[in-house]
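Both ligands and their constituent atoms are indexed starting at 1 by order of listing.
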Amino acid sequence: MDIIFIERLAVDTVIGVYDWERTATQKLYLDVQMAWDIKPAASSDNIALTLDYAAVSEYIQQFAQAKQYELVETFAEVLTREIMDRFNVPWLRLKITKPAAVPAAAGVGVEIERGCR
Ligand SMILES: Nc1nc2c(c(=O)[nH]1)N=C([C@H](O)[C@@H](O)CO)CN2
């Protein structure tokens, strides 16, 4: 299976377990890899036959605006399920980086992989 990816997508969302995190949005960076057979689209040059990474990116932005989770784990798990269901993605790897959470670190977060390639 081939991979369609979105690298370092920046989103703003309310996320965190502490009181100060519940009153403002924070930035998250998302790296998404999605299994997809690109041959039908490549042989026809037809976007309708591929996974539109712009549409997935827009979906993620709207998801981030609408949700207010405490844990990045919950954000990752729910978003992954929604992308797989809505876009018929059989396998997805998602890395979420929370850049401002630990000052001494460039970033912290989670990486999950769901489905079959
Ligand atoms: N495994 C996790 N650990 C922590 C999380 C999290 O979402 N998953 N969140 C926090 C706080 O919200 C933190 O980001 C604030 O600095 C702490 N640990």
[X], any N or O under 3.5 Å of ligand 1 N or O:
{"X": "Val17", "result": "yes"}
{"X": "Val72", "result": "yes"}
{"X": "Lys98", "result": "yes"}

Can you sort out which atoms of ligand 1 are near [X], meaning under 4.0 Å from one of its heavy atoms?
{"X": "Gly16", "answer": "12 (O)"}
{"X": "Tyr18", "answer": "11 (C), 15 (C)"}
{"X": "Leu71", "answer": "6 (C), 7 (O)"}
{"X": "Ala101", "answer": "14 (O), 16 (O)"}
{"X": "Glu73", "answer": "1 (N), 2 (C), 6 (C), 7 (O), 8 (N)"}

### Query
Between atom CG of Asp52 and atom CD1 of Ile47, what is the distance when rounded to the nearest 0.5 Å?
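These two atoms lie 4.0 Å from each other.
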
### Phe75 and its side-chain contact (heavy atoms from CB on, under 4.5 Å) partner, picked from Val110, Leu94, Leu30
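Option passing the side-chain contact (heavy atoms from CB on, under 4.5 Å) with Phe75: Leu30.
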
### Message
Would you call the rings of Tyr69 and Phe63 parallel, tilted or perpendicular, taking 30° and 60° as the class edges?
### Response
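Tilted: the ring planes of Tyr69 and Phe63 meet at 30° to 60°.
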
### Task
Mind running side-chain contact (heavy atoms from CB on, under 4.5 Å) on Asp37 and Met1 for me, showing each step along the way?
CA-CA 5 Å; Asp37 178 7; Met1 200 61 106; 3.9 Å; yes

### Message
Salt bridge check, Arg93 against Glu113: does any charged N sit closer than 4.0 Å to a carboxylate O?
### Response
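Judged by the 4.0 Å cut-off on N to carboxylate O distance, Glu113 and Arg93 do form a salt bridge.
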
### Query
When you check the gap from the basic side-chain N to the acidic O, do Glu21 and Lys98 get nearer than 4.0 Å?
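Result for this pair is yes, salt bridge flagged.
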
### Query
For atom 15 (C) of ligand 1, what's the nearest protein heavy atom and its distance?
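That would be Glu21 OE2, 3.3 Å.
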
### Query
Step by step, would you call Gln61 with Gln65 a side-chain hydrogen bond (donor to acceptor under 3.5 Å, both in side chains)?
CA-CA 6 Å; Gln61 296 283 4; Gln65 277 179 24; 5.5 Å; no

#### Entry: Nearest protein heavy atom under 4.0 Å from atom 1 (N) of ligand 1, yes or no
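Yes, because at least one protein heavy atom sits under 4.0 Å from atom 1 (N) of ligand 1.
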
### Task
Return yes when at least one protein heavy atom is under 4.0 Å from atom 4 (C) of ligand 1, and no when none is.
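When distances to the protein are checked, atom 4 (C) of ligand 1 has no heavy atom within 4.0 Å.
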
### Message
I want to check something: taking the side chain as every heavy atom from C-beta on, are Leu9 and Ile60 in contact at a cut-off of under 4.5 Å?
### Response
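Leu9 reaches Ile60 side chain to side chain.
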
